[in-house]
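Following: one structure in structure tokens, then a few remarks.
Along the sequence shown, the residues carry numbers beginning at 1. Just so you know, these numbers come straight off a predicted model, no measurement behind them.
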Amino acid sequence: MTTREPLSSQRPARSSARRLRLAAGLVSAVTVTVSALAVQPAGAENGGRASGPACADLAQTVLARSHVKSISSEVVPASGTLPAYCQVDLVPTRAVNVRVTLPLSAADAGGGGSYTGAWNGRVLNMGGGGYAGDLGDLSVAVQRGEVGSVTDTGHSSAWCDATDPRTGEANAQPGCGEAGGGFVLSPAGKLNTGQIDDFIDRSLHEQTVWALSLAKTYYGRAARRNYWVGGSTGGRQGWQMAQKYGDEYDGFLIGYPAVNWNRFIIGEAWPAVVVNELLGPAGLSPAKSAAANAAAVAACDPEDGVTDGVVADPRRCTFDAREVKGLTPAEAEAIDLIWDGPRDADGNRLWGGITRGTTFSVLLPGGNTMSPLIETYVRNWLEQDPDYDWRKNVTMENFPRFFEASYRKFEKTAATDSTDLSKVRKNNGKILYYAGTGDPLIVPFTSYNYQQRLFDRYGVQGTRSFVRTFYFPGVGHTEPILAGSTDARAQLLDTLEAWTERGSAPESFDQKGPAPGTGRTVCAYPDTAAATGADASCETRTSVPADLAAQSRTVLDRR
């Protein structure tokens with residue numbers, strides 16, 4: 001990984017007073033009852049004794065000054081590679097569960113941190129996955145000596161099954177429905193709009209508010225840096241916070257995000273619709289789709305000068321499935337349509353397809369059905385009918401109507417597609433953004449589209465001054481494998497913190513290849529490596545090639 005050092009002196013860390021004002025502002029934006037917690041005395045200087053309560057007394061301190069629905073705090077003993085830490089579980093409002101983990105303060109014999117106690121002064125607000133509904137793992141924050149936070153986004157299986165006293169029925173679909181996506185739908189078929197607000201936005205801000213407030217109360221001093229970290233749904237959550245509350249964070253680590261929420265999900269119903277119509281119940285044999293993808297890789301792999309089983313940029317691959325032996329004309333047509341993605345009646349792009357060389361098994365399990373993650377959206381969110389039969393109702397011809405219905409229905413409540421990042425820019429915040437070009441769950445087009453709209457708004461150089469994006473060839477719905485002694489998540493976090501706190505903007509990462517001894521340099525988009533292999537320098541581009549920019553836009557785009 002290479003970075004560019006700033007020409008000016010390093011930017012000093014924000015003062016405790018600045019962070020105190022931020023914490024107070026955050027709290028007042030959500031609930032007045034927390035404001036008292038955010039204005040405690042600042043306490044000792046770096047390395048001094050904490051002025052806050054011990055972990056065992058932290059919950060009682062909060063209860064004495066706020067109106068949370070419930071709260072508990074306890075020291076979790078060290079285990080394995082994890083040091084001991086203070087864990088707080090609370091329900092601040094509605095059905096929103098929040099967990100905050102805090103490195104031990106001086107009051108709990110914590111030490112070794114660079115800020116106070118065992119703490120380095122940073123807060124990591126961690127995102128969730130899928131339709132959330134539980135409290136995710138915070139071990140990354142614990143191991144790094146950073147305060148961590150997470151939320152279930154306001155629902156769980158227990159909440160979905162609990163009785164709503166107003167109706168005498170369950171709150172939502174049993175167990176939250178298929179793939180957990182039925183939490184938005186009441187038994188009577190009515191959307192739980194409050195739960196949508198919690199899932200998309202409100203719970204995430206509560207999570208952040210409480211992480212900052214609890215840190216200040218426990219340590220007696222405000223956090224010096226506040227970050228969002230997440231992939232998939234957590235990546236969408238990061239973009240939502242950047243778009244709406246960008247001035248409350250110092251930086252964002254956003255991976256393979258479910259951004260463009262109201263378009264990407266319905267767009268990914270396309271493979272199942274195509275196969276259902278063209279091939280019927282038997283569907284498309286997984287062996288045949290795998291053969292087509294293998295043929296595409298064989299044809300397009302050498303285009304970057306290295307034959308390593310990876311297509312460097314699938315957007316440049318135009319391999320036609322009709323060239324694959326053993327496919328019927330209908331099967332070849334279905335595969336080509338899936339690779340291309342849905343279009344409207346005039347041939348205008350609605351969304352992108354699965355990239356050539358990427359398995360169909362996630363969005364088209366068994367070769368003849370729809371991913372449960374997508375199907376539950378169609379049924380519970382869009383049609384508000386958990387038994388809706390898309391096979392009988394959705395066709396290739398009327399698909400544009402369903403696509404636009406999804407877009408319009410959640411355009412103002414659940415889109416997460418605004419390119420207005422003025423609050424991030426004003427706060428001098430930084431966003432490190434990454435995705436894999438072989439993602440089988442959230443097709444890379446989702447990121448290419450949002451990225452291109454950022455470029456359209458701010459220009460390439462204007463965008464790169466605060467957003468750096470990396471597309472890792474061949475990587476699926478996960479972090480890449482990078483050269484170095486630590487895992488990718490740790491390297492990406494270290495890079496974000498270096499950029500935010502020391503001005504070292506990332507230029508490239510060294511990605512390991514599929515075979516031992518192979519790899520490549522991945523440059524900040526749209527820069528390209530000057531040579532093949534690892535450790536190559538990056539050639540600066542001031543614009544995206546016109547054909548790729550055009551491919552990344554859709555007929556329904558807005559800024």
Side-chain angles (χ1 to χ4, degrees), residues 1-23 25-26 46 103 113-115 119-127 140-141 143-149 204 207-208 211-212 215 221-231 234-235 237-255 257 421-434 454 458 461-470 479 482 486 488-509 524-525:
M1 183 271 293
T2 58
T3 60
R4 180 176 64 226
E5 295 296 331
L7 297 177
S8 59
S9 60
Q10 291 180 354
R11 182 165 69 103
R14 286 184 173 87
S15 66
S16 294
R18 166 69 171 83
R19 183 56 66 196
L20 281 169
R21 290 194 298 271
L22 174 58
L26 283 170
N46 186 23
S114 59
Y115 195 55
W119 187 35
N120 65 16
R122 299 186 182 101
V123 172
L124 295 185
N125 303 284
M126 309 293 289
V140 169
Q143 289 171 329
R144 294 173 68 89
E146 299 171 347
V147 170
S149 76
L204 315 175
Q207 167 191 348
T208 302
L212 290 169
R221 60 188 315 195
R224 64 185 182 88
R225 297 286 174 171
N226 186 40
Y227 293 96
W228 185 275
V229 179
Q237 293 168 337
W239 279 122
Q240 181 72 18
M241 293 298 96
Q243 292 163 16
K244 191 168 183 179
Y245 304 106
D247 54 349
E248 298 176 4
Y249 300 83
D250 297 286
F252 302 82
L253 179 60
I254 295 175
L421 301 177
S422 55
K423 290 183 178 180
V424 178
R425 298 182 80 197
K426 183 178 180 180
N427 196 48
N428 199 28
K430 309 299 180 189
I431 301 173
L432 182 54
Y433 183 18
Y434 63 99
L454 285 178
Y458 295 111
Q461 296 309 312
T463 301
R464 283 163 52 97
S465 67
F466 70 105
V467 180
R468 290 292 173 101
T469 307
F470 296 87
E479 279 71 34
L482 302 178
T486 57
R489 174 62 67 88
Q491 290 189 49
L492 291 163
L493 261 173
D494 289 344
T495 300
L496 173 64
E497 291 172 355
W499 187 16
T500 300
E501 300 174 23
R502 298 191 297 277
S504 302
E507 300 289 354
S508 65
F509 288 93
Y525 187 75

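Note: Phe509 CZ to Leu432 CG = 5.0 Å, rounded to the nearest 0.5 Å. Between atom CZ of residue Arg464 and atom OH of residue Tyr525 there is a gap of 11.5 Å, rounded to the nearest 0.5 Å. Distance check: Arg489 CZ to Arg144 CZ gives 10.0 Å after rounding to the nearest 0.5 Å.
Of the possible polar contacts, one joining the Arg224 side chain to the Asn120 backbone as a donor-acceptor pair under 3.5 Å is found. For Trp228 (side chain) and Gly234 (main-chain N/O), a donor-acceptor pair under 3.5 Å exists by modelled atom type. A donor-acceptor contact shorter than 3.5 Å links the side chain of Gln207 to the backbone of Met126.
Partners of Arg425 under the salt bridge (Lys or Arg N to Asp or Glu O under 4.0 Å) rule, at least two apart in sequence or in another chain, do not exist in this structure. Under the salt bridge (Lys or Arg N to Asp or Glu O under 4.0 Å) criterion, Lys423 pairs with no residue at all, not counting sequence neighbours. With sequence neighbours left out, Tyr227 forms a ring-ring contact (aromatic ring centres under 6.0 Å, His included) with no residue at all.
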Please step through side chain to side chain contact (heavy atoms under 4.5 Å, CB included) for the pair Asp247 and Lys426, ending with a clear verdict.
CA-CA 7 Å; Asp247 54 349; Lys426 183 178 180 180; 5.9 Å; no
Might you work through the side chain to side chain contact (heavy atoms under 4.5 Å, CB included) test for Met241 and Ile254, ending with a clear yes or no?
CA-CA 11 Å; Met241 293 298 96; Ile254 295 175; over 6 Å; no
Run the side chain to side chain contact (heavy atoms under 4.5 Å, CB included) test on Trp239 and Tyr433 for me, step by step, so that the C-alpha distance in whole Å, both residues' side-chain angles and the decisive distance to 0.1 Å come before the verdict.
CA-CA 10 Å; Trp239 279 122; Tyr433 183 18; 3.5 Å; yes
Arg122 and Tyr115: CA distance, side-chain angles, deciding distance, side chain to side chain contact (heavy atoms under 4.5 Å, CB included) verdict
CA-CA 9 Å; Arg122 299 186 182 101; Tyr115 195 55; over 6 Å; no
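Residues Tyr249 and Thr208 have side chains that bring a donor and an acceptor to within less than 3.5 angstrom of each other.
Put simply, the side chain of Leu493 reaches to within 4.5 Å of the side chain of Val140, judged on heavy atoms. Contact annotation: the side chain of Leu454 approaches that of Leu421 to within less than 4.5 Å [non-hydrogen atoms, C-beta and beyond]. Contact of the Leu492 side chain with the Phe470 side chain is not registered, since no non-hydrogen atoms from C-beta on lie closer than 4.5 Å.
Listed here is the closest heavy atom pair of Trp499 and Val467: CH2-N, 3.8 Å. Across Pro506 and Thr495, no two heavy atoms sit closer than the pair CB-CG2, 3.5 Å. Closest of all the heavy-atom pairs between Ser149 and Asn125 is OG-OD1, 2.7 Å. Residue Ser465 comes nearest to Lys430 through the heavy atom pair O-NZ, 3.3 Å, listed as atom of the first residue, atom of the second, then distance. Shown here for Trp119 and Glu146, the closest heavy-atom pair between the two residues is CD1-CA, 4.1 Å. Across every non-hydrogen atom of Gly251 and Leu496, the tightest pair is C-CD2, 4.1 Å.
Between Arg225 and Glu497 no salt bridge is recorded (no basic side-chain N to carboxylate O distance below 4.0 Å).
Taking the centre of each ring, Tyr458 and Phe466 come in below the 6.0 Å mark.
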